2 protein chains.
Amino acid sequence: MSPDSLPPAIDAETALAHAPPGHKDELRLWLRMLTTTTLIEGEIRRRLRRDFDTTLPRFDLLAALDRAPAGLSLGEVSRRMMVSNGNVTGLAARLVEDGLVERRARPGDRRAQLLRLTAKGRRDFARQSAAHEAWIAELLSGLSAVERGALFRLLGHAKISVRTALPEEETP
Amino acid sequence: MSPDSLPPAIDAETALAHAPPGHKDELRLWLRMLTTTTLIEGEIRRRLRRDFDTTLPRFDLLAALDRAPAGLSLGEVSRRMMVSNGNVTGLAARLVEDGLVERRARPGDRRAQLLRLTAKGRRDFARQSAAHEAWIAELLSGLSAVERGALFRLLGHAKISVRTALPEEETP
DNA sequence: GCTGGATGCTTGAAGCCTAAACTATATCCG
DNA sequence: CGGATATAGTTTAGGCTTCAAGCATCCAGC
């Protein structure tokens with residue numbers, strides 16, 4: 001199944017393919033997961049820049065807000081995006097400046113601020129989102145529906161495995 | 001001990017779980033792949049910082065050099081790490097400054113420079129690498145060997161799918 | 001009420017990362 | 001040889017990201 005005919009990019013995982021055998025196969029699994037994800041993510045970033053002159057974090061923030069019409073606080077956004085709080089501060093500031101997002105005080109809590117998409121934000125995101133979905137489908141089109149289902153399920157197990165092994169965080 | 005960056009349980013993929021059905025399942029697959037990878041990667045970064053006061057990119061560069069005792073040019077490193085050329089310039093400079101990596105001219109080509117681990121670099125990396133491998137095994141310990149094998153194989157298909165769909169890169 | 005701890009957010013320093021422009025060297029080919 | 005093209009690496013501008021420190025606000029219990 002390896003494309004021996006075309007040895008294109010030599011990534012870390014490929015380089016390890018001929019490493020001393022008997023070594024932990026968990027490591028190999030992880031490296032393959034990482035390179036696959038990095039490959040897809042890089043392509044998505046490139047296309048977002050090329051077609052919409054935007055970035056993945058901006059897209060992700062818009063996506064989070066698009067799914068929450070009532071708005072989200074900065075903290076809620078940072079949890080959904082799995083990034084730090086301070087990160088969202090700057091990201092949101094740039095999107096507000098560009099007129100895609102608005103922030104307003106949350107009634108009853110003078111600490112929190114609600115972020116919401118503006119009309120322009122909704123419009124822009126709708127276009128980007130459609131393209132994004134098509135890109136993903138294109139990139140994964142080499143997998144059959146059965147393979148996709150199996151992969152989805154196994155990744156679910158992996159996710160649970162990681163969350164279980166993680167230092168007891170809060171589970172609301 | 002509680003920085004503002006700990007990822008709780010509600011991530012983007014989970015938030016999408018109740019999205020309108022009939023939507024592309026490729027997108028769900030991708031989001032699950034991304035959150036799983038992000039989860040593991042974030043934990044590895046945290047532990048590298050905590051236990052070795054280093055970062056994942058530094059670790060990755062050392063790993064690439066460790067697998068190539070004869071040394072690698074900056075360009076070869078950037079291809080293996082799948083990052084830009086300019087990125088490696090700064091990364092390597094910091095590692096050279098810290099005495100973990102040395103650079104020397106490549107005989108016969110005055111453009112290229114070879115990077116190699118110093119003795120200290122080899123020593124440090126050996127410790128980090130052992131810990132890293134154990135962490136990965138720990139985080140993925142919830143998967144059976146069969147599941148790991150299946151996941152590895154499916155990710156291989158996904159990788160091929162992406163590389164096939166990618167705009168004709170160089171094929172030497 | 002008041003006070004101590006939690007929560008929401010911002011700031012600053014440092015590192016990571018990319019694209020694009022640039023320099024220098026190598027190589028191909030007529 | 002000499003020019004065109006390719007390759008190796010650096011630089012720069014700008015965005016992303018984290019951690020740690022800090023400010024303001026909220027809330028629970030006294």
Side-chain angles (χ1 to χ4, degrees), chain A residues 38 41-62 71-98 103-115 170 172, chain B residues 1-8 38 41-50 52-62 71-98 101 103-115 170 172:
Chain A
T38 302
E41 195 177 328
E43 184 64 16
I44 297 300
R45 285 180 194 272
R46 244 185 310 280
R47 294 186 184 187
L48 280 175
R49 174 181 303 265
R50 182 194 61 189
D51 294 352
F52 300 106
D53 191 30
T54 190
T55 67
L56 191 50
R58 289 169 63 101
F59 176 82
D60 285 344
L61 202 159
L62 295 184
L72 292 175
S73 71
L74 288 160
E76 287 163 337
V77 169
S78 96
R79 275 188 290 280
R80 276 174 173 70
M81 292 179 67
M82 300 198 292
V83 299
S84 70
N85 246 333
N87 192 348
V88 176
T89 295
L91 208 42
R94 261 167 258 132
L95 289 169
V96 167
E97 170 134 14
D98 293 348
R103 50 191 306 168
R104 48 180 63 235
R106 174 145 76 187
D109 191 336
R110 270 180 302 175
R111 296 169 304 175
Q113 317 242 344
L114 274 189
L115 298 181
E170 71 290 352
Chain B
M1 187 51 187
S2 186
D4 55 16
S5 60
L6 287 183
T38 302
E41 194 178 327
E43 184 63 17
I44 297 300
R45 286 181 194 273
R46 245 185 309 280
R47 295 186 184 187
L48 280 175
R49 176 181 302 266
R50 182 194 62 189
F52 300 106
D53 192 29
T54 190
T55 66
L56 191 50
R58 289 168 63 100
F59 175 81
D60 285 344
L61 202 159
L62 296 184
L72 292 174
S73 70
L74 288 161
E76 288 163 338
V77 169
S78 96
R79 275 188 290 281
R80 276 172 172 70
M81 292 180 67
M82 299 197 292
V83 299
S84 71
N85 244 337
N87 192 350
V88 176
T89 296
L91 209 42
R94 260 167 258 132
L95 289 169
V96 167
E97 170 134 14
D98 293 347
V101 168
R103 51 192 305 167
R104 46 180 65 233
R106 174 146 76 187
D109 191 337
R110 271 180 301 175
R111 297 169 303 176
Q113 318 240 345
L114 274 189
L115 297 181
E170 73 295 344

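Note on naming: letters A, B, ... go to the chains in the order of the sequence lines (proteins, then strands), and numbering restarts at 1 for each one. As the structure is a computational prediction, the values presented were derived from the model and not from experiment.
- Looking at heavy-atom distances under 4.0 Å, B:S84 makes contact with a base.
- What separates CG of A:D53 from C1' of C:dT18 is a distance of 13 Å, to the nearest Å.
- In this structure, B:R47 atom CZ and D:dT18 atom P are separated by 17 Å, rounded to whole Å.
- Taking the side-chain hydrogen bond (donor to acceptor under 3.5 Å, both in side chains) definition, one finds that B:D98 meets it with B:R58, sequence neighbours left out.
- For the side-chain hydrogen bond (donor to acceptor under 3.5 Å, both in side chains) test, residues two or more places apart in sequence or in another chain that qualify with B:R103 are B:Q113.
- The CG-C1' distance, from B:L91 to C:dG15, rounds to 9 Å in whole Å.
- Atom pair A:L48:CG and D:dG15:C1' shows a separation of 14 Å (rounding to whole Å applied).
- A:L56 places its CG atom 13 Å from the C1' atom of C:dT18, with the value rounded to the nearest Å.
- For B:D60 and C:dG15, the CG to P distance is 17 Å, given to the nearest whole Å.
- If you find the closest nucleotide of DNA chain C to B:R110 and to B:V83, the one lying nearer the 5' end belongs to B:V83.
- Applying the salt bridge (charged side-chain N to carboxylate O under 4.0 Å, His left out) rule to B:R49 yields no partners; only residues at least two apart in sequence or on another chain are considered.
- In terms of the side-chain hydrogen bond (donor to acceptor under 3.5 Å, both in side chains) criterion, residue partners of B:S73 (sequence neighbours excluded) are, by chain and number, B:E76.
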Subject >> Footprint string (nucleotides 4-10 of chain D, 5' to 3'): B base within contact, S backbone only, - free, heavy atoms under 4.0 Å >> reply: ---BSBB

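- Across the protein-nucleic acid pair, A:L115 atom CG and C:dT10 atom P stand 9 Å apart, rounded to whole Å.
- The nearest whole Å value for the distance from the CZ atom in B:R49 to the P atom in D:dT17 is 15 Å.
- The 5' end of DNA chain D is approached more closely, in terms of each residue's nearest nucleotide, by A:N87 than by the other of A:N87 and A:G108.
- Not counting sequence neighbours, the partners of A:R104 by the salt bridge (charged side-chain N to carboxylate O under 4.0 Å, His left out) test are A:E102.
- Taken to the nearest 0.5 Å, the CE atom of A:M81 stands 11.0 Å off from the CG atom of A:L74.
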**OP:** Could you walk me through whether B:F59 and B:L56 pass the side-chain contact (heavy atoms from CB on, under 4.5 Å) test, one step at a time?
**Re:** CA-CA 5 Å; B:F59 175 81; B:L56 191 50; 4.2 Å; yes

